[in-house]
Amino acid sequence: MPIVETTSIFKTYRSGVFKRVTVPALVDVSLSVDSGEIFGLLGPNGAGKTTFIKILLSIVHPTTGGATILGETLGSLKIKEKIGYLPENHRYPQFLTGYQTLHFFGGLSGLTGPALRDRALSLLDLVGLSEWKKVKIKRYSKGMLQRLGLAQALLNDPEILFLDEPTDGVDPVGRKEIRDLLKDLRKQGKTIFLNSHLLSEVEAISDRVAILNKGKVLKVGTVSEITSRALEYELRLDKTVSESLKSLILPHTTSLKVEGTSLIVGVKDQEALNTIIDRVRSEGIHLAGLQERKSTLEESFIELIQAKGQA
Amino acid sequence: MRYFAMFLLTIREAVLRGTLLFYFVVGNCIILFFAFALGLSPDDPSMITFFGNPLTPRNLGNINPIEFILIQVQRSSSSSILLFGVFAVAGLIPSMLEKGTVEVYLSKPLSRGALLLARSFGASAGVAVNLLYFAVGVWLVFGLKLGVWNGNFLLSFVAVCASFLLFFSIVAIAGVITKSAGFSIMLAFLYTFFSSALESREMFLFKIWGNEIYHSALDVLYYSTPQLSSMLENSSRIIGNLPIGPNANQPFDPLPFVYSLLSATVLYALSIRYFSKQDY
């Protein structure tokens, strides 16, 4: 059963003196996220990723459409008791120490007394800030603030975690620690919404990904579904490809490209690939190598965005 | 408890502002000044001395010299807390609405209305902490050194704190609409002068133009906004009636507080409605 389900969400921002200029931020966004998965939201700047998360948190009101989270409709305070949120470029009161910050936000989340104190201390330990707990956060580095923000989002032991650029400003070691922490949280059954511009990061930990562009959902699926192409192979040959060979193999391909002594062929199935290899050999050319071509999430992402841009 | 956390944080944020710290230091200096300056004559214990010299009352009518001093202290400190207080806390609503801050607050299980009220009450309480500290200090000095334990003096400061909270409704609505600390401060000061001009509208504003509609419009404005000037004037009357000045020998009038409570309630309700409808 989906833990988050959105139905045809539209969001249009109005600007200008008379609010006559309209900017569509989200167009007909319908998504569902299952319990216990890490769901990555990808898209170029201004795609609507943050707006989408903010709508789910009732920070932004949708123009039309709706959503349910944990079976409750948007706007319910009961939902927020089970949600943790790390916004992008978050700012906390500078005169507080790391511990005081967590104590304050824990209080806002409804924690009190020893439970609040213990939770704040254990989270500081979890994100590696125990030694900094008595230091005012105005002295924290960007990476440390990001870790503190993550601890803040985890204060109420949320069922769903919304993370907007969680590793922004964090060094590579810290990034890996955060990734490992998110994997641990998934093992505990938490659902995580991850909004990041670091595609490799999303690729590494997300179970499913949605690609947004100009407010529209372009594709939703697992990382392998998004990165899979029609079967494409690179055949490295010991001679240059002649025109007669090209005309011989062309009927068996879905695409054909020549790069020096390499042939890049798209095929419908393995049968067609074998036929092509036979034709190559029949021309007295030897096969020096054969490799399946698979795209990274980044390549798929760029292809998808560019394709929709041209459409 | 959730809203209390925001209320406490706001008080803390307010009292740490430089302007209120300055007020705190100045307040302490005034308390010390009275502690050293005031005394009773060893020859005549009914005679108050000021740096050892007898304090001779002039034409003060029914009021005694101690009450006269207390009223003057109350008036000057309540006017100055308005100045310092507005500078210190007018930016607290816009700072709560800053990008990166408001999102975290709104993601917590708190209603927007209660969040705004907790912030507004916290800001006013931050000012009240400073003002009441000063009032209690002066009250203790007068009690311990002169044997005058004037409860109305403390009560008048409670009235000033209430006046500030009601007046803050103007700052709150300006803050949520403009999200600008500078504009909120400017509007608060403009309103302070405006409130004073409205209170004495019959003497000045009515004389500018004799039109009845204009007069009625000024009356509506006066009764539909917090009557800051009248509230401050009446809060000092809790101690006693001054025999001098344009409003000499007027008794305490609770109506400005009642009207202001109603108008502030409307302004806070409008602020909450606006805040609840906004995207952040």
Side-chain angles (χ1 to χ4, degrees), chain A residues 11-15 25 50-51 53-63 75-96 100-101 103-113 116 136 145 148-149 152-153 155-156 158 160-165, chain B residues 1-21 88-89 91-119 121-123 126 176-179 181 272-280:
Chain A
K11 177 65 189 175
T12 304
Y13 287 111
R14 293 180 176 276
S15 61
T50 300
T51 299
I53 284 181
K54 284 184 175 180
I55 283 177
L56 294 180
L57 292 161
S58 303
I59 296 169
V60 167
H61 304 288
T63 306
S76 156
L77 292 184
K78 265 167 75 181
I79 298 174
K80 292 187 179 179
E81 289 175 1
K82 297 168 185 171
I83 281 176
Y85 177 43
L86 169 67
E88 193 182 7
N89 302 321
H90 50 87
R91 292 174 65 173
Y92 303 133
Q94 297 289 297
F95 56 89
L96 297 179
Q100 288 168 340
T101 304
H103 197 276
F104 165 62
F105 282 106
L108 291 186
S109 301
L111 298 172
T112 52
L116 170 56
K136 285 200 167 35
L145 284 171
L148 185 70
Q152 175 278 125
L155 271 165
N156 55 337
I160 311 174
L161 202 53
F162 292 91
L163 306 175
D164 204 345
E165 306 289 357
Chain B
M1 189 60 205
R2 287 174 179 148
Y3 301 104
F4 193 62
M6 172 54 90
F7 176 75
L8 285 182
L9 181 97
T10 312
I11 293 178
R12 194 171 168 185
E13 206 172 335
V15 296
L16 287 174
R17 297 269 164 144
T19 37
L20 279 187
L21 285 175
V89 301
L92 291 180
I93 299 287
S95 75
M96 180 184 78
L97 303 176
E98 278 175 7
K99 202 169 169 55
T101 302
V102 68
E103 291 96 329
V104 187
Y105 292 146
L106 295 183
S107 71
K108 301 294 175 195
L110 307 163
S111 81
R112 290 194 185 196
L115 190 66
L116 182 67
L117 287 182
R119 189 75 172 166
F121 287 16
V176 290
I177 292 172
T178 66
K179 296 178 200 156
I272 290 168
R273 181 160 175 77
Y274 186 87
F275 183 40
S276 302
K277 294 278 173 196
Q278 288 301 295
D279 294 331
Y280 293 96

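The shown structure was predicted, so the numbers you read here are calculated from the model rather than taken from an experiment. First the proteins, then the strands, lettered A, B, ... as listed; each starts at 1.
Heavy atoms closer than 4.5 Å to chain B are found in the side chain of A:Y92, but not in its backbone. Within the 4.5 angstrom heavy-atom criterion, only side-chain atoms of A:Q100, from C-beta onward, approach chain B. Only the backbone of B:K277 comes within less than 4.5 Å of a heavy atom in chain A; its side chain stays farther off. In this structure, the portions of A:S109 lying under 4.5 Å from any heavy atom of chain B include both its backbone and its side chain. Residue contact with chain B, scored on non-hydrogen atoms closer than 4.5 Å, involves the side chain of A:L96 exclusively. Residue B:S95: no heavy atom, backbone or side chain, is found under 4.5 Å from chain A. Looking at B:E98, only its side chain comes within 4.5 Å of chain A, counting heavy atoms on both sides.
Side chains of B:L110 and A:L108 form a contact here, defined as non-hydrogen atoms less than 4.5 Å apart. No side-chain heavy atom of A:V60 sits under 4.5 Å from any side-chain heavy atom of B:Y280. Two residues are said to be in side-chain contact when any heavy atoms from C-beta on lie closer than 4.5 Å; B:V104 and A:P87 meet this criterion. B:K108 has its side chain out of reach of A:K80: every pair of non-hydrogen atoms, C-beta onward, lies at least 4.5 Å apart. B:L106 places none of its side-chain heavy atoms less than 4.5 Å from the side chain of A:S58.
Atom CZ of B:F4 has 12 or fewer neighbouring heavy atoms from other residues, nucleotides or ligands inside a 6.0 Å radius.
Options A:K82, A:K78, A:H90 differ in how many heavy-atom pairs under 4.5 Å they form with chain B, and the most are formed by A:H90. The candidate from A:L77, A:L86, A:I55, A:I59 with the greatest count of non-hydrogen atom pairs under 4.5 Å with chain B is A:I59. The candidate from B:T101, B:L8, B:V102, B:L115 with the greatest count of non-hydrogen atom pairs under 4.5 Å with chain A is B:T101.
Distance check: B:L9 CG to A:F104 CZ gives 4.0 Å after rounding to the nearest 0.5 Å. Annotation: the span from B:S107 atom OG to A:I79 atom CD1 amounts to 13.0 Å, rounded to 0.5 Å.
Taking 4.0 Å as the cut-off between side-chain N and carboxylate O, B:E103 and A:R91 do not count as a salt-bridged pair. Here B:D279 pairs with A:K11 in a salt bridge; the nearest charged N to carboxylate O distance falls below 4.0 Å.
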Point to revise | Test log, rule salt bridge (Lys or Arg N to Asp or Glu O under 4.0 Å), inputs A:E81 and B:R2 | key: CA-CA 12 Å; A:E81 289 175 1; B:R2 287 174 179 148; 3.4 Å; yes
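Scanning both residues, A:P93 and B:Y105, for their nearest heavy atoms gives CG-OH, 4.2 Å.
Of the possible polar contacts, one joining the A:H61 side chain to the B:S276 backbone as a donor-acceptor pair under 3.5 Å is found.
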